[in-house]
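In this chain, numbering begins with 1 at the start of the sequence shown. Remember, it's 1-based here, ligands and their atoms both numbered in the order they're listed.
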Amino acid sequence: MRYAIISDAHSNWDALHKVLQDLEREGVEKTIFLGDMVGYGPDPNSVVEELLAKADINLAGNHDWAALGWTDITYFNPYAKIAILWTRKVLTDSNRKNLTHLKLMVKDNEESLLFVHSTPREPEKWHYIFTLEDAEENFSTFAEKICFIGHSHYPSFIEKNERGQLAVKPSPLLKLEPGCQYIINVGSIGQPRDGDPRACYTIYDSSLGSVQWKRIPYDVVKTQAKMRALGLPPYLIDRLALGR
Ligand code: ZN
């Protein structure tokens, strides 16, 4: 089975559209979206509709909950807050309702996979995994071979071997080892922060036992022009070109 695991589209329709085109070329059989359909970008309604039409599973992210008023946005940075308040205003009633149906965490027992936006530990609290200590805390909360996450917008592979040792694997292509467990951050489609402005997503091939990040260029300038026309914060517009 070839899976595409995609995340953090953040109302960036141009980036999402390019990624979905690439999934067709890749012959992906199942697509899982790990949350944050909305927030930051200019196209919340078309992104929600496209993901519901094209992904097999859609999860909730903190920005989706923020758009519903289900999560506290006082801890959001001021630009994220402005974008969420704007998103609340423009979301259609039916898309608001669509967001209420998104699940926090889903398991695939057959392939021993876990999918969640933030962390398997307390997914509703939107913790981050930035360090190996953060990862260690989370490895103890799930039994599946791989846990796929998003949320930080930094793609990363963390491996835990049979002796319980953790390591970060830097290559864009990871061969899975028997007896090891993994936490894999699939990166962000709509607002990458690892210094590469191209959309990022991950392909998992269960028969090859491999996971691979892919980077897909899209028309950043066009997305920025849409954001400018809508009066979204310049900080959010500029960061798209930098991938920061
Ligand atoms: Zn996000």
Side-chain angles (χ1 to χ4, degrees), residues 4-16 19 31-44 46-48 50-51 55 57-88 91 95 98-99 102-106 115-120 122-130 134 138 147-156 183-202 213 215-216 218 220 223 227 232-233 235-240 242-244:
I5 304 99
I6 62 179
S7 192
D8 295 270
H10 284 296
S11 303
N12 187 336
W13 192 86
D14 293 279
L16 175 64
V19 166
T31 301
I32 296 106
F33 177 72
L34 301 184
D36 278 1
M37 291 184 171
V38 302
Y40 299 129
D43 303 306
S46 45
V47 165
V48 171
E50 189 79 347
L51 283 165
I57 295 172
N58 281 291
L59 299 185
N62 52 322
H63 286 253
D64 305 319
W65 275 27
L68 294 169
W70 288 6
T71 198
D72 180 17
I73 60 167
T74 53
Y75 75 93
F76 273 35
N77 75 53
Y79 313 106
K81 211 179 289 175
I82 292 167
I84 277 296
L85 295 174
W86 175 81
T87 302
R88 283 182 189 169
L91 261 186
N95 282 333
N98 284 329
L99 293 183
L102 304 176
K103 293 197 175 76
L104 276 176
M105 189 151 72
V106 166
F115 303 101
V116 62
H117 182 69
S118 56
T119 53
E122 306 179 315
E124 74 290 352
K125 295 202 174 155
W126 315 113
H127 301 300
Y128 287 93
I129 296 179
F130 283 129
D134 300 336
N138 278 282
C147 175
F148 288 99
I149 63 170
H151 194 37
S152 71
H153 303 199
Y154 289 94
S156 72
I183 294 175
I184 293 174
N185 192 312
V186 303
S188 168
I189 293 174
Q191 194 205 69
R193 294 177 190 162
D194 60 337
D196 184 339
R198 295 173 299 169
C200 184
Y201 82 95
T202 296
W213 291 317
R215 301 307 291 239
I216 310 295
Y218 74 97
V220 174
T223 303
M227 292 171 76
L232 288 165
Y235 172 79
L236 298 180
I237 298 170
D238 296 343
R239 71 185 301 180
L240 287 184
L242 307 170
R244 291 282 179 203

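Residue contacts to the Zn ion (ligand 1): His10 brings an N, O or S atom closer than 2.8 Å. Note on His153: counted as a metal contact of the Zn ion (ligand 1), an N/O/S atom lying under 2.8 Å.
Checking Asn12 against Tyr218 by side-chain atom types alone, a donor-acceptor pair falls below 3.5 Å. Between the side chains of His117 and Asn62, at least one donor N or O lies within less than 3.5 Å of an accepting N or O.
The side chain to side chain donor-acceptor pair (under 3.5 Å) test with Asp36 is passed by exactly one of Gln191, His10, His151, His153: His10.
Annotation: angle subtended at the Zn ion (ligand 1) by Asp8 OD1 and Asp36 OD2 is 90°, to 10°.
Atom CZ of residue Phe33 and atom CG of residue Asp8 lie 6.5 Å apart, to the nearest 0.5 angstrom.
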